[in-house]
Amino acid sequence: MRSGGGAEGDASLERGRVLFAGRCDFVAGAGDVARLPLPNLPEVAFAGRSNVGKSSLVNALTGRSALARVSQTPGRTRQLNFFELGGRLTLVDLPGYGYARASKGAILQWTALVRDYLRGRAGLVRLCLLIDARHGLRDPDRALMTILDEAAVSFQGVLTKADKAAPATLSALCERVEGELAGHAAAYPSLAVTSARTGRGIESLRGDLASLAGPAALG
Ligand code: GDP
């Protein structure tokens with residue numbers, strides 16, 4: 001679990017606040033890699049099992065519900081959705097996976113799309129792997145981590161719904177998940193602990209992501 005502080009921590013929170021206060025516009029949806037927008041900004045992707053709380057987390061980070069609404073529009077739920085934040089960072093919402101009743105065909109389609117995107121994407125600086133604080137890592141998450149290792153995409157574990165777990169359970173789960181992440185070459189060592197409901201960890205994650213953004217435009 002991460003804890004930050006001091007003047008450097010404050011500066012990071014401020015950078016995050018400024019970036020995430022900027023405009024956030026939907027720029028493109030891509031159901032196959034031939035339709036990906038040009039990678040003109042550093043890119044951060046969000047992935048997780050269906051119902052992990054991805055829409056809620058992205059809404060909490062950006063302070064807007066429009067983003068997740070776009071991603072949940074019929075026809076857009078199975079594609080990669082791209083949003084530009086403050087002209088400095090692209091946020092990419094990956095389709096959810098691990099849905100219990102997903103057909104084999106749908107799983108193969110998801111895997112092919114995501115693998116192609118992750119393998120060839122210039123500018124993809126980090127993927128946030130969302131993990132439900134009540135459940136920890138599951139096999140579909142492990143399959144994604146293998147793809148991330150192979151594609152050498154740096155990824156960060158982000159626990160969601162932290163408000164739903166008792167403190168002792170939460171710290172045991174963090175320890176377990178961080179132990180497993182440590183076995184992955186591409187994993188960022190510390191786990192972000194968040195709750196879209198209480199706001200826990202949101203400012204700090206904004207600060208982390210702001211450190212990956214491009215420079216602010218002059219004037
Ligand atoms: P997605 O399918 O991954 O986009 O998940 P959603 O954001 O739609 O959330 C799935 C369910 O979890 C919804 O019922 C949300 O209200 C709930 N949820 C999401 N984030 C939180 C959270 O931080 N705390 C709690 N208690 N519930 C949450």
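As the structure lists them, so they are numbered: ligands from 1, and atoms in each ligand from 1.
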Just by modelled atom types, is the L94 backbone N or O under 3.5 Å from a matching donor or acceptor in the K54 side chain? yes
Starting from atom 1 (P) of ligand 1, which protein heavy atom do you reach first, and at what distance in Å? K54 N, 3.5 Å
State whether the number of non-hydrogen atoms from other residues, nucleotides or ligands found under 6.0 Å of E150 atom CD is greater than 12. yes
Out of the candidates T146, D141, L148, only one should pair with L144 under the side-chain contact (heavy atoms from CB on, under 4.5 Å) rule; please name it. L148
Number the atoms of ligand 1 from 1 as they appear, then name those within less than 4.0 Å of a heavy atom of N51, with their elements. 1 (P), 2 (O), 3 (O), 5 (O), 10 (C), 11 (C)
heavy-atom search around atom 23 (O) of ligand 1 in the protein gives A196 N, 2.8 Å
Among non-hydrogen protein atoms, atom 21 (C) of ligand 1 lies closest to K161 CG, 3.5 Å
Protein contact to atom 5 (O) of ligand 1 [nearest heavy atom, distance to 0.1 Å]: G53 N, 3.1 Å
Residue, atom name and distance, where the atom is the protein heavy atom closest to atom 4 (O) of ligand 1: S55 OG, 2.5 Å
Using a 3.5 Å cut-off and no angle test, enumerate the donor-acceptor pairs between side-chain atoms of residues 28-46 and protein atoms at least two apart in sequence or in another chain.
| from | atom 1 | to | atom 2 | distance (Å) |
| --- | --- | --- | --- | --- |
| D32 | OD1 | A34 | N | 3.0 |
| D32 | OD2 | R35 | NE | 3.1 |
| E43 | OE1 | R121 | NE | 3.4 |
| E43 | OE1 | R121 | NH2 | 3.0 |
| E43 | OE2 | Y117 | OH | 2.8 |
| E43 | OE2 | R121 | NE | 2.7 |

Tell me whether atom 13 (C) of ligand 1 lies less than 4.0 Å from at least one protein heavy-atom position. no
I'd like to check which ligand 1 atoms, numbered from 1 as shown, lie under 4.0 Å from a non-hydrogen atom of S56. 6 (P), 7 (O), 9 (O), 19 (C), 20 (N)
For ligand 1, is any non-hydrogen atom under 4.0 Å from R197's backbone (N, CA, C, O), its side chain (CB onward), both, or neither? both
For R134, does the CZ atom sit with more than 12 other heavy atoms under 6.0 Å from it, leaving out its own atoms? yes
Measuring from non-hydrogen atoms of D163 to any atom of ligand 1, is the shortest distance under 4.0 Å? yes
Is it possible for you to check whether R49 lies under 6.0 Å from the centre of the six-membered ring of Y99, through NZ or CZ, and within 45° of that ring's axis? no
Partner set under side chain to side chain contact (heavy atoms under 4.5 Å, CB included) for E180, not counting sequence neighbours: L137, R142, M145
